[in-house]
Q: 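First, the structure itself, so that you have it in front of you.
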Amino acid sequence: MSLLPLLTQDVLAAAPSLLGWHLVRDGLRARIVEVEAYRASDDPACHAFLRTAMKNMAMFGPPGKAYVYFTYGCHWMLNVVAHGQGDAAAILIRAAEPIQGSELFRERRPKARRDRDLLSGPGKLAAAFAIDASDNGVDLLDLQSKPGLLRLESPDIPAPRIVAGTRIGIALGKGHDYPWRFADADRLVWVSRPLTF
DNA sequence: GTCCGGATTACCT
DNA sequence: GGTAATCCGGACT
C-alpha cells in the first residue's frame, strides 16, 4: 500500500486517508488518529496563505515530506506535505495511539499520567517522538530511510470510519469554522480534544 | 470543567 | 525591537 498517490491529491482528500497510518522512528510506533488540513489557496490559517517564507517552504515542495515548525515558545508541530499541482498544503498530525515504545514515550513525557496523555496533542506527540527542526524536510515515505529518521508505514487495520470537525486554535475569520479536522471515529479516546462542529 | 502563564522563533517594522 | 504563533500543563472550581 502506497501513500504517495493519496498525498498528491487535494489536502482535504488526503488528510482523512492518513488516519490509521503509523508514525515510526526506531523502536517507536504510533497509530495516527487525528489530523488537520491546511491549504494555501483559500485558507487564511495556512502559514503559506498569501506569503512564502523560509519557514513554510516545505509546503510548496513534494508531497510526503515533513513540514516541522516551532510555536508558542515551547512546542514543535509535525505536518505531512500533501497537495496537487500548483497548490501548497500540509496535514498537521494532532494525535496518535501508542503501539510500541511506551517506555521511551513516558521518559520524554514525564508529566503524562495516563497512556492517553502521551500523544494526545501535536506538541505532546512531537515531544514524545523527539521531533525538532532537524526533521523538517525529511521524506516520510522513504522505505530505505536511515535509522533514527521519522517515517510513515502502512496501517495494520482496515481504513477507519472518519468524523470531521472544526480545527483547533484558529482565530475568528481565519477559517475557524472550516470542518477540516478529521479523526478516527472508533478511537476518539486518543484524540487531543473532543470534536466540535 | 475553566483560566492563565510559559518562553522561542522568525517575520515584520 | 515588537509581536504573533496550527499549544501545554498546572492551578483552580
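Here is how names work: the chains are called A, B, and so on, in the same order as the sequence lines, proteins then strands, and each is numbered from 1. Atom set for the values below is all heavy atoms of this structure, side chains included, hydrogens, waters and symmetry mates excluded. Everything numeric here is computed off the predicted structure, so don't read it as measured data.
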Q: Each nucleotide N or O in nucleotides 9-13 of chain C that has a protein N or O under 3.5 Å away: list the pair and distance.
A:
from, atom 1, to, atom 2, distance (Å)
C/dG9, OP1, A/R109, NH1, 2.3
C/dG9, OP1, A/R109, NH2, 3.1
C/dG9, OP2, A/R109, NH2, 3.4
C/dG10, OP1, A/K111, NZ, 3.1

Q: Say whether, by atom type as modelled, one donor and one acceptor occur between the side chain of A/D26 and the main chain of A/L28 under 3.5 angstrom.
A: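 Not a single qualifying donor-acceptor pair exists.
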Q: Applying side chain to side chain contact (heavy atoms under 4.5 Å, CB included), name anything that partners A/D43, two or more places apart in sequence or on another chain.
A: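 With neighbours one apart ignored, the set is A/Y38, A/R39, A/A45, A/C46, A/R167, A/Y178, A/W180.
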Q: Quick one: list whatever passes ring pair (Phe, Tyr, Trp, His ring centres under 6.0 Å) with A/F49, sequence neighbours left out.
A: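 In terms of ring pair (Phe, Tyr, Trp, His ring centres under 6.0 Å), with neighbours along the sequence ignored, A/F49 is linked to no residue.
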Q: Scan A/F129, A/Y69, A/Y67, A/F70 and name whichever one has a ring pair (Phe, Tyr, Trp, His ring centres under 6.0 Å) with A/W76.
A: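 Testing each of A/F129, A/Y69, A/Y67, A/F70 against A/W76, the sole residue satisfying ring pair (Phe, Tyr, Trp, His ring centres under 6.0 Å) is A/F70.
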Q: So if I take residues 65-88 of chain A and measure heavy-atom distances to DNA chain B, which residues fall below 4.0 Å?
A: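 Contacts with DNA chain B under 4.0 Å: A/F70, A/Y72, A/G73, A/C74, A/H75.
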Q: Please check if the side chain of A/H75 supplies one atom and the backbone of A/Y72 the other of a donor-acceptor pair under 3.5 Å.
A: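 A pair under 3.5 Å: no.
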Q: Which hydrophobic side chains are connected to A/L143, either touching it within the sub-4.5 Å cutoff or through other members that do?
A: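 In the cluster with A/L143 there is nothing else; it is isolated.
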Q: Below 4.0 angstrom, N of the basic side chain to O of the carboxylate: do A/K65 and A/D139 qualify?
A: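 No, no charged N to carboxylate O under 4.0 Å.
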Q: Rounded to the nearest 0.5 Å, how far apart are CG of A/D177 and CD1 of A/I170?
A: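 Between A/D177 CG and A/I170 CD1, I get 10.5 Å after rounding to 0.5 Å.
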Q: Quick one: closest heavy-atom pair of A/I168 and A/E36, and the distance?
A: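 For A/I168 versus A/E36, the nearest heavy atoms are N-OE2, 2.8 Å.
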Q: May I have the list of side-chain donor-acceptor pairs in residues 144-151 of chain A shorter than 3.5 Å, sequence neighbours left out?
A:
from, atom 1, to, atom 2, distance (Å)
A/S145, OG, A/D142, O, 3.4
A/R151, NE, A/E153, OE2, 2.9
A/R151, NH2, A/E153, OE2, 2.7

Q: Nearest 0.5 Å please: distance from the CG atom of A/L125 over to the CG atom of A/L118.
A: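 CG of A/L118 is found 10.5 Å from CG of A/L125.
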Q: Need one value for A/A53: base, sugar-phosphate or nothing, where a base atom within 4.0 Å counts as base even if backbone is also close, heavy atoms only.
A: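 Sugar-phosphate, backbone atoms only, no base.
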Q: In dot-bracket, 5' to 3', how would DNA chain C read with Watson-Crick or G-U wobble pairs under 3.5 Å, [ ] for crossing ones and | for pairs to another strand?
A: |||||.||||||.
Q: Taking only Lys NZ, Arg NE, NH1 and NH2, and the carboxylate oxygens of Asp or Glu, determine whether A/D184 and A/R31 approach each other closer than 4.0 Å.
A: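 Looking at A/D184 and A/R31, the cut-off is not met.
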Q: Check this for me, if you would: do A/D117 and A/K111 make a salt bridge, where the nitrogen-to-carboxylate-oxygen distance has to be below 4.0 angstrom?
A: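 The answer is no: the pair does not qualify as a salt bridge.
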Q: Tell me every residue that passes ring pair (Phe, Tyr, Trp, His ring centres under 6.0 Å) with A/W190, counting only those two or more places apart in sequence or in another chain.
A: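 A/W190 satisfies ring pair (Phe, Tyr, Trp, His ring centres under 6.0 Å) with no other residue.
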Q: Which side-chain N or O atoms in residues 88-95 of chain A pair as donor and acceptor under 3.5 Å with protein atoms at least two apart or in another chain?
A:
from, atom 1, to, atom 2, distance (Å)
A/R94, NE, A/E34, OE2, 2.9
A/R94, NE, A/S192, OG, 3.3
A/R94, NH2, A/S192, OG, 2.9

Q: May I ask you to list the residues of residues 89-98 of chain A, by number, that have any heavy atom positioned under 4.0 Å from an atom of DNA chain C?
A: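 Contacts with DNA chain C under 4.0 Å: A/L92, A/R94.
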Q: Taking any atom closer than 4.0 angstrom to a non-hydrogen atom of chain A, what span of DNA chain B does the protein reach, first nucleotide to last?
A: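 On DNA chain B, the outermost contacted nucleotides are B/dG6 to B/dC11.
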Q: Near DNA chain B, counting only heavy atoms under 4.0 Å, which residues of residues 166-197 of chain A show up?
A: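 Those residues: none at all.
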Q: A/L119 and A/A128: which non-hydrogen atoms are nearest, and at how many Å?
A: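 Nearest pair, atom of A/L119 first, then A/A128: CD2-CB, 3.4 Å.
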Q: Calculate, to the nearest 0.5 Å, the distance between atoms CZ and CZ belonging to A/R161 and A/R187 respectively.
A: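 These two atoms lie 11.5 Å from each other.
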